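Structure first, commentary second.
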There are 2 protein chains.
Amino acid sequence: MQEKYIKPLLNHFESRGAVLSDTHNEIIGAAFQYRKLRKNQYILQAGDVARYETYVLKGLLRTYLVDEKGQEHIMKFSIEDWWAGDLYSYYTNKPTSYNIDCLEETEVLQIAREDLEKLQTEIPGLNHYYQLLYRNSVIAFNKRVAASLCNTATERYIEFIERYPEIDQRVPNHQIASYLGIAPASLSRIRGQYFRSGR
Amino acid sequence: MQEKYIKPLLNHFESRGAVLSDTHNEIIGAAFQYRKLRKNQYILQAGDVARYETYVLKGLLRTYLVDEKGQEHIMKFSIEDWWAGDLYSYYTNKPTSYNIDCLEETEVLQIAREDLEKLQTEIPGLNHYYQLLYRNSVIAFNKRVAASLCNTATERYIEFIERYPEIDQRVPNHQIASYLGIAPASLSRIRGQYFRSGR
DNA sequence: AAATTTCGTTAACCTATGTTAATTTTGAAG
DNA sequence: CTTCAAAATTAACATAGGTTAACGAAATTT
């Protein structure tokens, strides 16, 4: 793989405390595959087994569910320097319930489970990285569940645009509504009130 | 610590793939502290720093938030062989937003962060355990967020009692309502409909 | 630029859930 | 066993948010 593709991921690991030799860097570069994806392209569809975890180099991915009534519910947006995937399917080889697709033209690095496990054996520092990643993910999910229990849709919307202004700029409002668990028309109503009353 | 207190935790680690020598077992036993707690006793209060992660030997803990209007929202129940704590506060030393108290007389094992970190250095197998623990926790949170986006209160209630029949037996309904994010009167209504229509 | 599709807004109406309060049931403590 | 407190139920009413549909504005495609 070209250096320019793997470099951001190496930086990512190092900025989270991993200490990587040149050999390590080569091993990592060999384990990940670079892919360039078109807008609207799927990287995972419900029913598939998630064979890869995906690191976003550029672009924007969306992870969503389709319920029995056919409605889409967005679980997560993944922008540059974030991950996307379904850990459940990845580690059990069972079919995923999630769909992941590109909201923009997107470039990613992907790693298969076998390769990730080998990587973690060969580079113990990465073990620490993944423990930290999952731990922080647990902390973030705690906040998200807490918000859904404690806050109104209006409060959750304000929190969202303050916390993820960049995503707010890049995705249409009806997708933000879906992420917040409300109908597009409801978000419109909320925005109307919020902006009318002086932001 | 007495063997009978540490044994369940050692079994817990081994059942998740850790291979532990006698020396390891002793190190672990020395790192955890046993505590017996009365019903209603707090093990963590909002504003405190979470100095311990807690493994439940016996009893039942509840983790909850109090919002600005003074309402309680239950985030989690922890029964035998589960953990309780606030990872955010534990790892940052910042004050927690959560309260954890005992719904029953409860016995626990607790470990301070410094001791846990030492443990993970001395027993690499535990590193793998914690990565697995957090990863599974992420998977569980994904399901919980998915349910809150896709399912009605009725569906979430049915799922809860099917998945956690034991907790359902041990905690009052208004606490289950709080966990589900609905008012006690609403849960009553839901139960009325559900049981009347033949379960 | 025109045409077409997607998106956002608004309004009318509907439904699930919240709120409060009264009443009954259950459970704990003396 | 009795008493008292906590929990559950029920009903009346209030409200946030859902649904649908119509319309106008953007954005994309041709």
Side-chain angles (χ1 to χ4, degrees), chain A residues 38-41 60 62 64-74 77 101-105 147-161 167-197 199, chain B residues 38-41 59-60 62 64 66-74 77 101-105 147-161 167-197 199:
Chain A
R38 298 219 200 94
K39 186 170 172 172
N40 294 323
Q41 192 173 343
L60 177 46
R62 144 232 208 206
Y64 67 96
L65 282 163
V66 181
D67 68 23
E68 313 98 35
K69 292 151 217 143
Q71 280 209 257
E72 293 182 2
H73 301 275
I74 297 180
F77 297 108
D101 65 4
C102 303
L103 297 183
E104 301 174 356
E105 182 176 280
S148 86
L149 290 176
C150 298
N151 302 334
T152 62
T154 305
E155 291 165 337
R156 297 199 315 274
Y157 174 61
I158 295 169
E159 212 170 290
F160 181 89
I161 59 179
I167 296 177
D168 180 43
Q169 295 310 308
R170 288 163 71 176
V171 316
N173 284 332
H174 71 272
Q175 310 232 29
I176 294 174
S178 171
Y179 177 89
L180 295 174
I182 60 179
S186 298
L187 180 57
S188 237
R189 184 160 36 197
I190 285 167
R191 284 165 50 81
Q193 287 165 10
Y194 177 51
F195 291 118
R196 212 169 304 115
S197 65
R199 274 225 154 168
Chain B
R38 297 219 201 94
K39 185 169 172 174
N40 293 323
Q41 192 172 343
L60 177 45
R62 142 231 210 206
Y64 68 96
V66 181
D67 69 21
E68 313 97 35
K69 294 151 217 145
Q71 280 207 256
E72 293 183 1
H73 302 276
I74 298 180
F77 298 107
D101 64 6
C102 304
L103 296 183
E104 302 173 355
E105 181 175 281
S148 86
L149 290 175
C150 299
N151 302 334
T152 63
T154 304
E155 292 165 335
R156 298 201 314 276
Y157 173 62
I158 294 168
E159 212 170 290
F160 181 89
I161 60 179
I167 296 177
D168 180 43
Q169 294 309 309
R170 287 163 70 175
V171 316
N173 284 332
H174 71 271
Q175 310 233 29
I176 294 173
S178 171
Y179 178 90
L180 295 173
I182 61 179
S186 299
L187 180 56
S188 236
R189 182 160 38 199
I190 286 167
R191 285 165 49 81
Q193 287 165 10
Y194 178 49
F195 290 118
R196 211 169 303 117
S197 66
R199 276 226 150 161

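Only a predicted model underlies this, so the values are computations on that prediction, with no experimental measurement involved. Every chain is numbered from 1 and lettered A, B, ... according to where its sequence line falls, protein lines coming before strand lines.
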Please report, rounded to the nearest Å, how far the C1' atom of C/dT5 is from the CG atom of A/Asn40.
-> 13 Å
Please tabulate, one pair per line, all N/O donor-acceptor pairs under 3.5 Å involving side-chain atoms of residues 185-192 of chain B, not counting sequence neighbours.
residue, atom, partner, partner atom, Å
B/Arg191, NH1, B/Tyr157, OH, 2.9

Separation of D/dA8 atom P from B/Arg196 atom CZ, nearest Å, is 17 Å
Nearest-Å distance for atom pair CZ/P, residues B/Arg191 and C/dT25 | 15 Å
Counting heavy atoms from C-beta on, name the nucleotide in D/dG17, D/dA8, C/dG8 closest to the side chain of B/Ser188.
-> D/dA8
Just how far, in rounded Å, is P of C/dT9 from CD of A/Gln193?
-> 13 Å
A/Pro172 side-chain proximity, nearest of C/dG8, C/dT19, D/dG18 = C/dG8
Nearest-angstrom distance from the residue atom CD1 of B/Ile190 to C1' of C/dA16 = 9 Å
Tell me which of B/Lys39 and B/Arg189 sits closer to the 5' end of DNA chain C, going by the nucleotide each one is nearest to.
-> B/Arg189
Close side-chain approach of A/Leu65 and B/Leu149, heavy atoms under 4.5 Å | no
Which pair of heavy atoms, one from A/Ile182 and one from A/Ala153, lies closest together, and at what distance?
-> CG2-CB, 3.8 Å
Donor-acceptor pair, A/Arg62 side chain versus A/Leu103 backbone, under 3.5 Å?
-> no
Report the nucleotide, chosen from C/dT17, C/dT19, D/dA8, that has the shortest atom-to-atom distance to any side-chain atom of B/Ala183.
-> C/dT19
To the nearest angstrom, how far is A/Lys69 atom NZ from C/dA16 atom C1'?
-> 12 Å
For atom CD of B/Glu155, is the number of surrounding heavy atoms from other residues, nucleotides or ligands below 6.0 Å larger than 12?
-> yes
Please check the phosphate of C/dG8 (OP1 and OP2 only) for any side-chain N or O of A/His174 closer than 4.0 Å.
-> yes
Among the candidates C/dT17, D/dT9, D/dT10, find the nucleotide nearest to the side-chain atoms of B/Asn173.
-> D/dT9
Compare the minimum distances between each of C/dG8, C/dT17, C/dA11 and the side chain of A/Ala185, then state the nucleotide with the smallest one.
-> C/dA11
To the nearest angstrom, the CD1-C1' distance between A/Ile176 and C/dG8 comes to 12 Å
Measure the distance from CG on A/Leu180 to P on D/dG18 and round it to the nearest whole Å.
-> 10 Å
Nucleotide nearest B/Ile182 when distance is taken to its side chain, options C/dT19, C/dT10, C/dT17 = C/dT17
